[in-house]
> 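Let me begin by handing over the structure; questions about it come next.
As a basis for the values below, the full set of heavy atoms in this structure was taken, side chains included, without hydrogen atoms, waters or symmetry mates. Every value quoted in this text rests on a predicted model; they were computed, and no experiment measured them.
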Amino acid sequence: IIVPNRIPGYSKQDSIFENAPYQSPSLGFACGDLLSTVGDLFKWNKAVFQQVLLGKNMLDSALAPVKLKNGNYSSYSLGWMNQIIFGKRCSRHDGSVMGFGAEIRYFPEKDIFMAFLVNGRSQETDARTMKVINQVTQLAIGKPVLSEIPMPAAILQQYTGIFALN
């Protein structure tokens with residue numbers, strides 16, 4: 001299937017990125033193999049959480065923790081994982097197909113929505129991507145990303161002085 005203007009997906013093989021193998025949309029199962037943009041995902045999130053697509057009762061039900069047979073509750077409800085991320089309540093979902101990955105996060109108390117779309121996947125890049133997603137999340141919700149790095153005074157002294165540009 002040729003989709004005009006579609007960004008290609010990549011996967012890493014032996015430290016080289018290559019075009020990801022084609023995956024038929026018929027194999028998508030629950031993920032649905034959606035083709036989307038950050039802007040469209042923002043509109044979708046807004047319509048869901050402003051109760052345009054779902055009424056209050058349906059939305060509350062979709063976000064409610066699911067009680068398991070053993071009596072414990074799952075953080076996954078009907079399409080959303082409801083978690084505390086960096087001390088803030090978050091409804092999120094992620095997914096991937098060959099060469100592509102996505103993560104959406106919504107923080108209802110601050111009305112902050114984030115969508116991350118990735119078109120290169122490997123174990124190494126997935127770990128780096130999650131690190132960036134978490135750092136952007138921290139910035140968005142007002143948490144510091146980096147803390148002060150303690151450094152001995154003797155090292156700092158080496159960089160003390162008057163510097164001038166010509």
Side-chain angles (χ1 to χ4, degrees), residues 1-49 62-66 68 70 72-152 155-156 159:
I1 297 174
I2 303 297
V3 178
N5 302 315
R6 182 182 76 92
I7 300 297
Y10 300 95
S11 57
K12 197 171 185 181
Q13 302 295 328
D14 300 322
S15 75
I16 297 171
F17 276 100
E18 298 176 346
N19 286 316
Y22 173 73
Q23 178 176 324
S24 171
S26 65
L27 299 175
F29 189 59
C31 75
D33 273 352
L34 294 174
L35 183 64
S36 193
T37 66
V38 170
D40 285 345
L41 291 170
F42 173 75
K43 290 176 191 173
W44 167 262
N45 189 78
K46 191 173 176 182
V48 168
F49 285 95
L63 296 174
V66 175
L68 305 174
N70 66 5
N72 293 334
Y73 285 88
S74 171
S75 64
Y76 186 79
S77 53
L78 300 177
W80 286 276
M81 287 163 267
N82 296 293
Q83 299 170 320
I84 303 298
I85 297 179
F86 301 114
K88 303 291 181 193
R89 188 167 59 93
C90 179
S91 295
R92 59 171 291 277
H93 191 86
D94 62 16
S96 63
V97 295
M98 300 295 276
F100 298 94
E103 168 95 15
I104 60 171
R105 294 180 175 186
Y106 180 62
F107 294 87
E109 284 93 3
K110 294 189 169 231
D111 192 29
I112 294 173
F113 172 76
M114 294 181 283
F116 303 90
L117 303 178
V118 180
N119 71 322
R121 303 213 48 237
S122 73
Q123 208 170 24
E124 176 188 331
T125 58
D126 287 355
R128 273 192 258 149
T129 298
M130 280 312 299
K131 184 175 181 178
V132 170
I133 287 171
N134 284 328
Q135 289 176 339
V136 170
T137 298
Q138 286 175 273
L139 289 171
I141 64 174
K143 299 283 185 184
V145 174
L146 300 174
S147 58
E148 184 177 321
I149 300 170
M151 191 170 296
I155 292 175
L156 289 174
Y159 298 96

> Nearest 0.5 angstrom please: Ile7 CD1 to Thr37 OG1, how far?
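If we round to the nearest 0.5 Å, Ile7:CD1 and Thr37:OG1 are 11.5 Å apart.
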> Which residues satisfy the salt bridge (Lys or Arg N to Asp or Glu O under 4.0 Å) test with Asp94, sequence neighbours excluded?
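Listed in chain order: Arg92.
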> Say you draw a straight line from NZ of Lys12 to CD of Glu18; how long is it, rounded to the nearest 0.5 Å?
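Answer rounded to 0.5 Å: 11.5 Å.
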> How close do Tyr73 and Pro65 get, heavy atom to heavy atom, and via which atoms?
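Heavy atoms only, the tightest pair is CD2-CB, 3.8 Å.
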> Could you tell me which residues satisfy side chain to side chain contact (heavy atoms under 4.5 Å, CB included) with Gln138, sequence neighbours excluded, listed by chain and number?
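Side chain to side chain contact (heavy atoms under 4.5 Å, CB included) list for Gln138, sorted by chain: Phe86, Gln135, Lys143, Val145.
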> CG/Asp126 to OG/Ser96 distance, rounded to the nearest 0.5 angstrom?
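Spacing of CG (Asp126) from OG (Ser96) equals 7.5 Å.
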> In Å and rounded to the nearest 0.5 Å, what is the NZ to SG distance from Lys110 to Cys90?
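Separation between the atoms: 13.0 Å.
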> Using side-chain heavy atoms (C-beta onward) and a distance below 4.5 Å, is Val66 in contact with Tyr76?
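Answer no - side chains too far apart.
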> Run the side chain to side chain contact (heavy atoms under 4.5 Å, CB included) test against Ala115 and tell me which residues pass, sequence neighbours left out.
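For Ala115, the residues satisfying side chain to side chain contact (heavy atoms under 4.5 Å, CB included) (neighbours in sequence not counted) are Val38, Leu41, Ile104, Phe113.
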> Which residues pass the side chain to side chain contact (heavy atoms under 4.5 Å, CB included) test with Pro21, sequence neighbours left out?
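Once residues adjacent in sequence are excluded, the partners of Pro21 under the side chain to side chain contact (heavy atoms under 4.5 Å, CB included) criterion are Ser11, Met98.
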> Partners of Leu78 by side chain to side chain contact (heavy atoms under 4.5 Å, CB included), sequence neighbours excluded?
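Leu78 satisfies side chain to side chain contact (heavy atoms under 4.5 Å, CB included) with Ala62 once adjacent residues are dropped.
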> Within a radius of less than 6.0 Å around CZ of Phe42, do more than 12 heavy atoms belonging to other residues, nucleotides or ligands occur?
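Atom CZ in Phe42 is not packed in, count stays at 12 or less.
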> Scan residues 74-91 for pairs that pass salt bridge (charged side-chain N to carboxylate O under 4.0 Å, His left out), counting only residues two or more places apart or in two chains.
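Applying salt bridge (charged side-chain N to carboxylate O under 4.0 Å, His left out) to every pair that reaches into residues 74-91, excluding sequence neighbours, yields Arg89-Glu109.
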> Going by side-chain hydrogen bond (donor to acceptor under 3.5 Å, both in side chains), name the residues that satisfy it together with Asn19, two or more places apart in sequence or in a different chain.
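So Asn19 forms no side-chain hydrogen bond (donor to acceptor under 3.5 Å, both in side chains) with any residue.
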> Residues two or more places apart in sequence or in another chain: which of them pass side-chain hydrogen bond (donor to acceptor under 3.5 Å, both in side chains) with Asn82?
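Checked Asn82 against side-chain hydrogen bond (donor to acceptor under 3.5 Å, both in side chains); matches are Ser77, Ser91.
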> For Asn134, give me all partners under side-chain hydrogen bond (donor to acceptor under 3.5 Å, both in side chains), at least two apart in sequence or on another chain.
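Scan of Asn134 (side-chain hydrogen bond (donor to acceptor under 3.5 Å, both in side chains), adjacent residues dropped) gives Arg105.
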> Determine, stepwise, if the pair Phe100 / Leu117 fulfils side chain to side chain contact (heavy atoms under 4.5 Å, CB included).
CA-CA 7 Å; Phe100 298 94; Leu117 303 178; over 6 Å; no
> To check you understand the geometry: which heavy-atom pair defines the closest contact between Phe107 and Thr137, and what is its length?
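Smallest heavy-atom distance, with atoms named: CZ-CG2, 3.5 Å.
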> Yes or no on side chain to side chain contact (heavy atoms under 4.5 Å, CB included) for Val136 and Phe116, after CA distance, side-chain angles and deciding distance?
CA-CA 10 Å; Val136 170; Phe116 303 90; 3.9 Å; yes
> Is Asn5 atom CG crowded by more than 12 heavy atoms from other residues, nucleotides or ligands, each under 6.0 Å away?
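Open: at most 12 neighbouring heavy atoms sit under 6.0 Å from CG of Asn5.
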> Mind checking what makes ring pair (Phe, Tyr, Trp, His ring centres under 6.0 Å) contact with Phe49, not counting sequence neighbours?
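Once residues adjacent in sequence are excluded, the partners of Phe49 under the ring pair (Phe, Tyr, Trp, His ring centres under 6.0 Å) criterion are Trp80, Tyr106.
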